[in-house]
Amino acid sequence: MAELPVLLTFVAALFVLEITPGPDMMLVLARGIGQGRRVALLTVVGMVFFAGLVQVGLLVLGVASLLRAYPAGLMLLQWVGAAYMLYLGARMVWSSFGAGAAKKGLAATKVSDWRAVREGTINSLTNPKSLLFMFAFLPQFVDPAAGPVWLQLAVLGTVQKLAGILSLGSVALASGTVGQALYRFPRLLAWQQRFTGAIMLALGFRLLFSGHASAPAVRP
């Protein structure tokens with residue numbers, strides 16, 4: 001593997017990535033407050049394990065080099081992610097105004113286990129922050145002289161995704177605790193849904209209209 005100073009730099013960059021709010025964190029936060037810890041943790045499972053299996057597999061297969069050669073591919077993923085954020089945000093806002101939402105509270109926005117995992121997976125697969133780090137920044141820490149490149153990519157990509165267990169898992173537990181308290185106040189919960197939905201809409205529009213910076217060059 002790469003030398004220790006390089007690995008420490010990677011860990012530091014990963015730490016900054018994990019504590020920076022983004023689409024994944026916002027969805028986990030919304031699920032924790034709106035549907036509780038179980039749904040929030042299942043959303044994290046989708047983001048870390050299901051999406052991670054796909055993303056690390058694609059990374060090892062050389063998608064990082066492909067996206068470097070065709071930057072429009074990453075821009076397309078960014079647009080897809082923005083559209084999905086807009087969809088989730090609009091659905092949250094719409095459901096908060098549903099008939100009897102203030103009285104029914106959480107029952108008005110029940111989320112199944114499979115839906116939580118599915119939405120977490122899709123959200124992570126189209127999360128431009130995570131994709132940029134994995135496919136454009138992560139390969140910079142690969143040293144061809146240190147061993148098989150595919151193995152280094154697999155290890156670094158796996159470390160990146162597993163770090164989400166700590167960061168996103170903590171958000172899921174904390175927001176789930178807050179959600180349990182809000183369960184007693186359905187009207188407040190409805191306003192929380194509107195607020196979170198509005199934030200997700202703002203993130204979606206920002207991703208949709210923000211300029212896409214060119215990805216850094218990947219070392220051969």
| message | Could you measure the distance from the CG atom of Leu14 to the CD atom of Gln160? Nearest 0.5 Å is fine. | response | 6.0 Å

| message | Between Leu58 and Val60, is there shared hydrophobic-cluster membership here, with clusters defined by ILVMFWY side-chain heavy atoms closer than 4.5 Å? | response | yes

| request: For residues Val56 and Met134, determine if any side-chain heavy atom of one lies less than 4.5 Å from a side-chain heavy atom of the other. | output: yes

| request: Answer yes or no: does atom CZ of Arg118 have more than 12 heavy-atom neighbours from other residues, nucleotides or ligands under 6.0 Å? | output: yes

| request: Would you please classify the geometry between the Trp114 ring and the Phe50 ring as parallel, tilted or perpendicular, with 30° and 60° separating the classes? | output: perpendicular

| Side chain Lys161, main chain Gln55, donor-acceptor under 3.5 Å | no

| note | For Arg37 and Gly176 the tightest heavy-atom approach is CG-CA, 3.4 Å

| task | Go through Leu41 and Leu173 one step at a time and tell me if the side-chain contact (heavy atoms from CB on, under 4.5 Å) criterion holds. | result | CA-CA 7 Å; Leu41 288 172; Leu173 293 174; 4.0 Å; yes

| task | In sequence, state the C-alpha distance, the side-chain angles, and the governing distance for Met47 and Val28, and then conclude on side-chain contact (heavy atoms from CB on, under 4.5 Å). | result | CA-CA 10 Å; Met47 293 174 175; Val28 172; 3.7 Å; yes

| Rounded to the nearest 0.5 Å, how far apart are CG of Asn127 and CE of Met26? | 12.5 Å

| query | Does a side-chain heavy-atom distance below 4.5 Å link Leu153 with Leu138? | reply | yes

| message | Using only atom types and a distance under 3.5 Å, with no angle test, would you say the side chain of Asn123 pairs donor to acceptor with the backbone of Pro23? | response | yes

| message | Are Arg31 and Glu119 packed together at the side-chain level, in the sense that at least one heavy-atom pair is separated by less than 4.5 angstrom? | response | yes

| said: As an exercise, state the distance from CD of Glu18 to OG of Ser167, rounded to the nearest 0.5 Å. | reply: 3.5 Å

| task | Only one of Leu168, Val111, Leu27, Val48 passes side chain to side chain contact (heavy atoms under 4.5 Å, CB included) with Thr43; say which it is. | result | Leu27

| said: Is any side-chain heavy atom of Asp113 closer than 4.5 Å to one of Val117? | reply: no

| note | Hits for side-chain hydrogen bond (donor to acceptor under 3.5 Å, both in side chains) against Ser175, two or more places apart or cross-chain, chain-then-number order -> none

| In the single-linkage hydrophobic clustering (I, L, V, M, F, W, Y; side-chain heavy atoms under 4.5 Å), do Val45 and Ile165 co-cluster? | yes

| Side chain to side chain, Phe15 and Leu166, heavy atoms closer than 4.5 Å | no

| request: State, to 0.1 Å, how close Leu125 and Ala51 come at their nearest heavy-atom pair, and which atoms those are. | output: CD2-O, 3.8 Å

| field | Residue pair Phe49, Leu162: steps toward the side-chain contact (heavy atoms from CB on, under 4.5 Å) verdict | value | CA-CA 8 Å; Phe49 295 103; Leu162 291 180; 4.2 Å; yes

| message | Between Leu53 and Phe133, is there shared hydrophobic-cluster membership here, with clusters defined by ILVMFWY side-chain heavy atoms closer than 4.5 Å? | response | no

